Asks: 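What follows is a single structure, and I will ask about it in a moment.
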Amino acid sequence: QVQLVESGGGLVQPGGSLRLSCAASGNIFSINAMGWYRQAPGKRELVADISSDGNTFYADFVKGRFTISRDSAKNTTYLQMNSLKPEDTAVYYCNAHLEPFDSIGAGLDYWGKGTLVTVSS
């Protein structure tokens with residue numbers, strides 16, 4: 001079994017900051033990439049991701065404001081969110097593209113349950 005557990009969401013005023021964390025645990029052989037998606041009413045969209053060798057991708061709407069990082073030893077990824085805007089309000093989901101011990105080479109996607117970020121005055 002593989003679990004992803006997010007933390008760090010909450011209510012923040014416009015212009016404020018939050019830091020999300022996501023820890024992966026369980027039957028993990030290797031993690032290829034970890035990332036963050038968000039979903040407001042509508043479709044889920046990619047916010048940022050980071051590969052096993054540290055390459056990062058950011059959606060245009062968060063460039064310069066959000067920073068993704070990763071602690072490979074802890075199978076954990078972080079999303080530092082600064083200069084938050086009301087339109088950043090959403091449920092943020094952690095994603096990991098990984099190989100479980102019982103499916104080495106498969107490259108499977110796992111999701112956390114999400115953490116709510118609300119940006120409001």
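All values reported here derive from a predicted model rather than from experimental measurement.
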Asks: Could you go step by step and tell me if L20 and S7 meet the side-chain contact (heavy atoms from CB on, under 4.5 Å) rule?
Replies: CA-CA 6 Å; L20 305 183; S7 61; over 6 Å; no
Asks: Can you see which heavy atom on T76 is nearest to which on K74, and at what distance?
Replies: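 The pair with the smallest heavy-atom distance is OG1-O, 2.9 Å.
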Asks: Is any side-chain heavy atom of M81 less than 4.5 Å from a side-chain heavy atom of W36?
Replies: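 Answer no - side chains too far apart.
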Asks: Could you list the residues that satisfy side-chain hydrogen bond (donor to acceptor under 3.5 Å, both in side chains) with R19, not counting sequence neighbours?
Replies: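 R19 satisfies side-chain hydrogen bond (donor to acceptor under 3.5 Å, both in side chains) with no other residue.
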Asks: Treating T89 as the side-chain partner and P86 as the backbone partner, does any N or O pair qualify as donor plus acceptor under 3.5 Å?
Replies: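 Such a contact is found between T89 side chain and P86 backbone.
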Asks: Sequence neighbours left out, what pairs pass ring pair (Phe, Tyr, Trp, His ring centres under 6.0 Å) with at least one residue falling in residues 45-76?
Replies: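 Residue pairs with at least one partner in residues 45-76: there are none.
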Asks: For the atom pair CZ (R44) and OH (Y92), what is the distance rounded to the nearest 0.5 Å?
Replies: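 If we round to the nearest 0.5 Å, R44:CZ and Y92:OH are 13.0 Å apart.
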Asks: By the salt bridge (Lys or Arg N to Asp or Glu O under 4.0 Å) test, which pairs, at least two apart or in different chains, include something from residues 80-98?
Replies: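 Salt bridge (Lys or Arg N to Asp or Glu O under 4.0 Å) check on residues 80-98 returns R38-D88, R65-D88.
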Asks: Could you check whether atom CD of Q3 has more than 12 heavy atoms from other residues, nucleotides or ligands sitting under 6.0 Å from it?
Replies: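 Check fails, neighbour count at 12 or below.
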Asks: Any chain of hydrophobic side-chain contacts (each under 4.5 Å) joining I68 to L84?
Replies: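 The answer is yes; both residues are in one hydrophobic cluster.
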Asks: So do S52 and I31 actually touch side chain to side chain, heavy atoms under 4.5 Å?
Replies: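 In short, these two side chains do not touch, never coming nearer than 4.5 Å.
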Asks: Any heavy-atom pair between the side chains of N32 and S51 that's under 4.5 Å?
Replies: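 They are not in contact (no side-chain heavy atoms under 4.5 Å apart), so the answer is no.
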Asks: Can you check side-chain contact (heavy atoms from CB on, under 4.5 Å) on L98 and Y110, steps first, answer last?
Replies: CA-CA 8 Å; L98 59 84; Y110 290 83; 3.5 Å; yes
Asks: Nearest 0.5 Å, please: how far is CG in L18 from CG in L11?
Replies: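 If we round to the nearest 0.5 Å, L11:CG and L18:CG are 8.5 Å apart.
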Asks: For residues 112-120, which side-chain donor-acceptor pairs fall under 3.5 Å, sequence neighbours excluded?
Replies:
residue : atom : partner : partner atom : Å
T115    : OG1  : G9      : N            : 3.2

Asks: Starting at CG of D109, measure out to NE2 of H97 and round the result to the nearest 0.5 Å.
Replies: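 These two atoms lie 5.5 Å from each other.
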Asks: Assigning hydrophobic clusters by single linkage (Ile, Leu, Val, Met, Phe, Trp, Tyr; side-chain heavy-atom cutoff under 4.5 Å), is V12 placed with V47?
Replies: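 Yes: a chain of side-chain contacts under 4.5 Å links V12 to V47.
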Asks: Can you sort out the partners of R70 under salt bridge (Lys or Arg N to Asp or Glu O under 4.0 Å), two or more places apart, ordered by chain and number?
Replies: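 R70 satisfies salt bridge (Lys or Arg N to Asp or Glu O under 4.0 Å) with no residue once adjacent residues are dropped.
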Asks: Does F29 have its ring centroid less than 6.0 Å away from the ring centroid of F101?
Replies: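 Here the rings of F101 and F29 have centres that are less than 6.0 Å from each other.
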Asks: Less than 3.5 Å apart, any donor N or O on the side chain of S17 or N82 sitting next to an acceptor on the other?
Replies: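 Short answer, yes.
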Asks: Measure the spacing between CG of D53 and OG of S72 and express it to the nearest 0.5 Å.
Replies: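 Atom-to-atom, D53:CG and S72:OG are 9.5 Å apart.
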Asks: Which atoms form the tightest heavy-atom contact between Y37 and N95, and what is the distance?
Replies: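 In this case the closest contact between Y37 and N95 is CE1-CB, 3.9 Å.
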Asks: Under the criterion side-chain contact (heavy atoms from CB on, under 4.5 Å), I'd like the reasoning laid out for I28 against N75: C-alpha separation, chi angles, the key distance, then a yes or no.
Replies: CA-CA 9 Å; I28 300 170; N75 286 341; 4.1 Å; yes
Asks: Taking the side chain as everything from C-beta on, heavy atoms only, tell me whether C22 gets closer than 4.5 Å to M34.
Replies: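 Yes; the side chains approach each other to less than 4.5 Å.
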Asks: Check the pair L79 / T67 against side-chain contact (heavy atoms from CB on, under 4.5 Å), numbers first and verdict last.
Replies: CA-CA 6 Å; L79 186 68; T67 302; over 6 Å; no
Asks: If you link I, L, V, M, F, W and Y whenever their side-chain heavy atoms are under 4.5 Å apart, who else ends up in the same group as Y78?
Replies: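 Cluster partners of Y78: none, it stands alone.
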Asks: Side chains of Q39 and Y93: does their closest heavy-atom pair fall under 4.5 Å?
Replies: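 Q39 vs Y93: side chains touch.
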Asks: Out of curiosity, E99 CD to N27 CG, how far, rounded to the nearest 0.5 Å?
Replies: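 If we round to the nearest 0.5 Å, E99:CD and N27:CG are 12.0 Å apart.
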